Amino acid sequence: MSAEFHGLRVLRGDPEATAAGLAGRRVRGVRRHGKFIEIELDGERSFIVHLGMTGKLLLNGAPGKHTHAILTLDRGTLLYDDSRQFGRLELSSGLPARVQALGPEPLEVTLGEFAERLHRRKTKMKALLLNQKFLRGIGNIYADEALFRAGIHPLATAARLKGERIRKLHAAIREVLAEAIAAGGSSISDYVDVDGRQGSFQVRHNVYQKTGEPCPRCGAPIRRILVAQRGTHFCPKCQKK
DNA sequence: ATCGGTACCTGCACGC
DNA sequence: TGCGTGCAGGTACCGA
């Protein structure tokens, strides 16, 4: 491949050195680590991509105002486009420490390990679900949707949950993620896959960005509060501390 | 080690 | 038509 970069914000490291390090490499595979994408290259190198809020990797897409990287491959081009520039690109040897430090995959973690990790945390449930060292890959939408399905208040203290409620949350996380993946994700305003296609799970959101609308279970108006500086949506009647 | 708060960006919808 | 405000799929970094 060959690579060119525009702007300095999204790229970690020197643009020239990164382009030189990528030149002539072959892509061996692509793996996901929570929200980090690892493009495995030959020579024990990896190109690490995090999409942030508005990042997109697009295969054979049209470059635009917010295109920060163009990777030219044998079979087409891969663009990195990101209007808010919260995403990051990095050429590294192996996995960076912050990627290795991620918590377990939510679709793989056992109920026992989940419960044990939960008991060690004093923070609010919503903040904990957003913490990538607790579980990798859960973001603001799926944190709110999972807590709603489990009937747990976003301000509930993690360590105080027990038994049945932990089991419900473990199941709710798995269900909401599995359904969202099957639906191609949630496209609110920006998200598209590598072929530019939108997901459809947003039409099945129960609480996320539904402030004031009736709860689908009990009809009470959905409330919005801030937890860990993030908009948090929940049903004040169905979700208990 | 863990926590909460702040900084980093652009774009859009809204009210005046 | 502008202009100010608030909001948005996230993480890194800082001090307590």
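Chain identifiers are assigned alphabetically (A, B, ...) following the order of the sequence lines, protein sequences preceding nucleic acid strands; residue numbering begins at 1 within each chain. Bear in mind the structure is a predicted one, so any value in this text is a computation, not a measurement.
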- Query: Syn or anti for C:dG9, with syn set at within 90° of 0?
  - Reply: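 The base of C:dG9 is oriented syn (glycosidic angle within 90° of 0).
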- Query: Between A:Y191 and A:R98, who's closer to the 5' end of DNA chain C by nearest nucleotide?
  - Reply: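 Going by which nucleotide is closer to the 5' end, it is A:Y191.
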- Query: Does any nucleotide pair with C:dG10 by Watson-Crick or G-U wobble geometry, both distances under 3.5 Å, and what is it?
  - Reply: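 Looking at the geometry, C:dG10 pairs with B:dC8.
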Between [options], which nucleotide gets closest to the side-chain atoms of [X]?
| X | options | value |
| --- | --- | --- |
| A:K124 | B:dG4, B:dG5, B:dG11 | B:dG4 |
| A:Q85 | B:dC3, B:dC9, C:dT11 | B:dC9 |
| A:R224 | C:dG10, B:dG4, C:dC7 | C:dC7 |
| A:R12 | B:dG11, C:dA12, B:dC3 | C:dA12 |

Between [N] ([atom2]) and [X] ([atom1]): distance, integer Å:
| X | N | atom1 | atom2 | answer |
| --- | --- | --- | --- | --- |
| A:I141 | C:dC7 | CD1 | P | 17 Å |
| A:L128 | C:dT11 | CG | P | 14 Å |
| A:I138 | C:dG9 | CD1 | C1' | 13 Å |
| A:F134 | B:dC3 | CZ | C1' | 15 Å |
| A:L226 | C:dG6 | CG | P | 12 Å |
| A:L8 | B:dC9 | CG | P | 11 Å |
| A:D82 | C:dG10 | CG | C1' | 10 Å |
| A:L51 | B:dC8 | CG | C1' | 17 Å |

Look at the side-chain N and O atoms of [X] and state whether any lies under 4.0 Å from the OP1 or OP2 oxygen of [N].
| X | N | result |
| --- | --- | --- |
| A:H50 | C:dT11 | yes |
| A:H66 | B:dG11 | yes |
| A:R84 | C:dG10 | no |
| A:S83 | B:dC9 | no |
| A:Q229 | B:dG4 | no |

- Message: Regarding A:S186 and A:H205, do their side chains bring together a donor and an acceptor under 3.5 Å, going by distance alone?
- Response: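 Indeed, the side chains of A:S186 and A:H205 share at least one donor-acceptor pair under 3.5 Å.
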Hey, does [X] reach any base, or is it just sugar-phosphate, or nothing, if we go heavy atoms under 4.0 Å?
| X | value |
| --- | --- |
| A:I188 | base |
| A:T54 | nothing |
| A:D190 | base |
| A:K35 | sugar-phosphate |
| A:R230 | base |
| A:K65 | sugar-phosphate |
| A:S186 | base |
| A:R120 | nothing |

Quick test of your reading of the model: are [X] and [Y] salt-bridged, counting only N-O distances below 4.0 Å?
| X | Y | answer |
| --- | --- | --- |
| A:E38 | A:R32 | no |
| A:K210 | A:E145 | no |
| A:E179 | A:R149 | yes |
| A:K126 | A:D144 | yes |

- Item | A:F86-C:dT11 aromatic stacking (under 5.5 Å, under 30°) |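 One would not call A:F86 stacked on the C:dT11 base.
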- Provide the distance between the two P atoms, one in B:dC9 and one in C:dC14, to the nearest whole Å.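 Per the computed distance, 16 Å lies between those P atoms.
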- For C:dC13 and B:dT10, measure between their C1' atoms and round to the nearest Å.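 C:dC13 and B:dT10 have their C1' atoms separated by 22 Å.
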- Message: Between C:dG9 and A:S189, counting only base atoms on the nucleotide and side-chain atoms on the residue, is there a donor-acceptor pair under 3.5 Å?
- Response: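 Under the 3.5 Å cut-off, the side chain and the base do form a donor-acceptor pair.
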- Between the side chain of A:Q132 and the main-chain N/O of A:I138, is any donor-acceptor distance below 3.5 Å?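 At least one qualifying donor-acceptor pair exists.
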- Task: Evaluate the criterion side chain to side chain contact (heavy atoms under 4.5 Å, CB included) for residue pair A:C218 and A:K237; output intermediate values, then yes/no.
- Result: CA-CA 8 Å; A:C218 78; A:K237 282 183 77 175; 3.9 Å; yes
- More 5' along DNA chain B: A:A228 or A:N131, using each one's nearest nucleotide?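 So the residue in question is A:N131.
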